[in-house]
Amino acid sequence: MAHLDIRQLQVGYGDKTILHGINLQVQKGEMIALLGPSGCGKTTLLNAICGFVPTQSGEVHIAGHEITQLPAERRNITMVFQSYALWPHMSVAQNISYGLKVRKIPKAQAHKRVLDLLSIVNLEGFENEKVTNLSGGQRQRVALARALAVEPDVLVLDEPLSNLDAKVRLSVRHELKALQKKLGFTSLIVTHDQEEALVMADRVAVLNQGRIEQLGTPEDIYQQPETPFVADFMGADNCIIYKTSEPNVQLHLPNRSTAQTFALYFRSSATQVQAFSNSKNEAGLTLSGLVEQTAFLGQQYRHTVRSGEQVLQADSRECWPIASQVSLFVPPQALHVFDLATHETSNAFQSNLRG
Ligand SMILES: Nc1ncnc2c1ncn2[C@@H]1O[C@H](COP(=O)(O)OP(=O)(O)OP(=O)(O)O)[C@@H](O)[C@H]1O
């Protein structure tokens with residue numbers, strides 16, 4: 001049985017429905033990341049689970065008990081916000097023990113719990129510090145300790161690392177992941193950062209316009225996107241519509257379907273730039289084109305290549321000069337192929353192609 005079980009959840013504001021029949025089962029100790037473009041309903045889903053917005057229909061269960069109609073304060077769910085939401089006039093210890101005080105936990109017991117949590121989040125000795133004296137990373141660790149203090153059934157994190165600078169963000173995300181594995185809390189995390197979702201989550205749910213478009217392990221979502229939307233959202237930013245009659249495009253795929261028109265999605269990092277040649281590659285996609293622009297990215301150069309009507313991006317360690325004629329090659333395992341005639345999701349189709 002799932003620890004957090006969301007069934008056919010429909011949520012909206014006024015007459016407008018934002019979430020359309022969300023089904024999501026989160027196992028105990030699992031972390032699920034919600035990914036999706038701005039406005040797709042990620043925060044609304046967290047708010048609905050917490051009881052901050054009413055549901056139009058559907059059910060939420062935790063450990064077998066239905067909580068759909070329970071007020072927020074009677075749900076044992078805590079939220080960590082992007083803005084930390086700490087009390088600025090309180091010390092670190094007062095912030096962490098706030099929820100324990102509300103629950104009338106004896107002082108000595110609460111104090112011990114605060115010290116334990118400070119040790120867990122690597123802030124020993126900070127109990128009397130004012131939170132306004134702490135760095136962003138330290139404040140977020142206090143916010144996490146405060147959320148964990150009440151031993152929530154589910155922890156929800158809404159963009160918890162967004163306010164941190166890039167370097168601190170990397171270290172805090174590893175700390176958070178390690179903590180989640182060690183303490184085994186069940187959590188849902190919203191992030192804009194795909195890499196963050198892939199690194200931290202056990203499974204990732206990609207949302208599009210209030211629906212879960214794909215739910216899977218980070219590897220599944222990245223390597224086997226089931227829809228063009230997921231492929232594009234997960235960074236396969238090159239898309240070409242391929243027709244069998246295309247003159248400057250060759251597509252050779254094992255176990256190819258009979259479809260005549262495909263949408264092909266692929267990453268610029270998986271696209272090899274080669275000297276122009278008419279020879280046929282064994283398998284994969286080959287296009288010819290003209291380099292229109294180059295940009296230095298540090299490890300490699302990104303090339304903007306025009307091939308007929310299509311403009312594609314391809315990365316290479318070598319910088320190919322502007323106006324050079326090149327061949328672009330994408331191996332079959334790096335292609336996400338969608339049959340436009342049948343709108344067949346690519347999963348079965350791709351595994352078929354990949355033999
Ligand atoms: N309180 C509200 N009243 C009315 N509409 C709202 C309210 N909160 C959010 N919405 C609308 O609901 C939709 C989903 O918003 P939500 O904040 O859940 O998206 P999100 O995926 O979290 O976006 P972002 O990544 O930008 O935070 C948006 O169209 C938004 O305008």
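Cation-pi geometry between R141 and F126 is not met: the NZ or CZ atom fails to fall both under 6.0 Å from the ring centre and inside 45° of the normal.
Between the side chains of Y98 and R103, no donor-acceptor pair is found at a separation under 3.5 Å. Under 3.5 Å, the side chains of E196 and T191 contain a donor-acceptor pair of N or O atoms. No donor-acceptor contact under 3.5 angstrom links the side chains of E292 and T304, judged on distance only.
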Show, in sequence, the C-alpha distance, side-chain angles and deciding distance for D5 and Q25, and conclude whether the side-chain hydrogen bond (donor to acceptor under 3.5 Å, both in side chains) test is met. CA-CA 5 Å; D5 189 359; Q25 282 73 44; 2.7 Å; yes
Evaluate the side chain to side chain contact (heavy atoms under 4.5 Å, CB included) criterion for residues V11 and I18: first the C-alpha distance (whole Å), next the side-chain angles of each, then the deciding distance (0.1 Å), finally the verdict. CA-CA 6 Å; V11 181; I18 303 294; 5.7 Å; no
Go through it in stages, so that I can follow the logic: the residues are S316 and E318, the test is side-chain hydrogen bond (donor to acceptor under 3.5 Å, both in side chains), and I'd like the CA-CA distance, side-chain angles, deciding distance and then a yes or no. CA-CA 5 Å; S316 171; E318 195 179 334; 5.0 Å; no
Before giving the answer on side chain to side chain contact (heavy atoms under 4.5 Å, CB included), spell out for L86 and T132 the whole-Å C-alpha distance, their side-chain angles and the decisive distance to 0.1 Å. CA-CA 9 Å; L86 297 171; T132 45; over 6 Å; no
Show your working on side-chain hydrogen bond (donor to acceptor under 3.5 Å, both in side chains) between Q56 and T17 and close with a plain yes or no. CA-CA 8 Å; Q56 293 172 339; T17 299; 3.0 Å; yes
Using the side chain to side chain contact (heavy atoms under 4.5 Å, CB included) rule, take L157 and M31 through it: C-alpha gap first, then chi angles, then the decisive distance, then the call. CA-CA 10 Å; L157 304 119; M31 178 180 264; 4.2 Å; yes
For the pair Y222 and T217, evaluate side-chain hydrogen bond (donor to acceptor under 3.5 Å, both in side chains) and give the outcome as yes or no after the intermediate values. CA-CA 9 Å; Y222 192 84; T217 63; over 6 Å; no
Take L4 and H61 through the side chain to side chain contact (heavy atoms under 4.5 Å, CB included) test and state the conclusion after the steps. CA-CA 6 Å; L4 169 64; H61 296 248; over 6 Å; no
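Taking the charged nitrogens against the carboxylate oxygens, R173 and E195 do have a contact shorter than 4.0 Å, which makes a salt bridge. Using a cutoff of 4.0 Å between basic side-chain nitrogens and carboxylate oxygens, D220 and R203 are not scored as salt-bridged.
In the hydrophobic clustering of this structure, V80 groups with Y84; members are Ile, Leu, Val, Met, Phe, Trp, Tyr whose side-chain heavy atoms approach within less than 4.5 Å, directly or through other members. With hydrophobic clusters built from ILVMFWY side chains whose heavy atoms lie under 4.5 angstrom apart, I221 does not share a cluster with L207.
Ring planes of H303 and Y301: tilted class, angle from 30 to 60°. Aromatic ring orientation, F262 versus Y242: parallel (interplanar angle below 30°, classes split at 30° and 60°).
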May I have the list of side-chain donor-acceptor pairs in residues 180-187 shorter than 3.5 Å, sequence neighbours left out?
{"unit_1": "Q180", "atom_1": "NE2", "unit_2": "G29", "atom_2": "O", "d": "2.9"}
{"unit_1": "Q180", "atom_1": "NE2", "unit_2": "F185", "atom_2": "O", "d": "3.1"}
{"unit_1": "K181", "atom_1": "NZ", "unit_2": "D202", "atom_2": "OD1", "d": "2.9"}
{"unit_1": "T186", "atom_1": "OG1", "unit_2": "G29", "atom_2": "N", "d": "2.9"}

Please list, one pair per line, the donor and acceptor atoms closer than 3.5 Å that link side chains of residues 106-114 to other protein atoms, with sequence neighbours excluded.
{"unit_1": "K112", "atom_1": "NZ", "unit_2": "D116", "atom_2": "OD2", "d": "2.9"}
{"unit_1": "R113", "atom_1": "NE", "unit_2": "A149", "atom_2": "O", "d": "2.8"}
{"unit_1": "R113", "atom_1": "NH2", "unit_2": "L148", "atom_2": "O", "d": "3.1"}

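Between V273 and L328 the shortest side-chain heavy-atom distance falls below 4.5 Å. Within the 4.5 Å cutoff, no side-chain heavy atoms of H174 are placed close to those of S171. Under the 4.5 Å side-chain criterion, counting only non-hydrogen atoms from C-beta, L45 is in contact with L9. Residues L35 and M234 form a side-chain contact, since some pair of their non-hydrogen atoms from C-beta on lies under 4.5 Å apart.
Judged purely by atom type and a 3.5 angstrom limit, K42 uses its side chain to pair as donor or acceptor with the backbone of P37. Counting only distance, with no hydrogens or angles, the side chain of E129 and the backbone of V92 share no donor-acceptor pair below 3.5 Å. A distance-only check finds a donor-acceptor pair linking the side chain of R75 to the backbone of I49 [under 3.5 Å].
Here S162 pairs with E159 under the side-chain hydrogen bond (donor to acceptor under 3.5 Å, both in side chains) rule; sequence neighbours left out.
Each of I189, N47, T43 was checked for a side chain to side chain contact (heavy atoms under 4.5 Å, CB included) with D158, and the lone residue meeting it is T43.
Few gaps surround CD on E73; more than 12 heavy atoms of other groups in view lie less than 6.0 Å from it.
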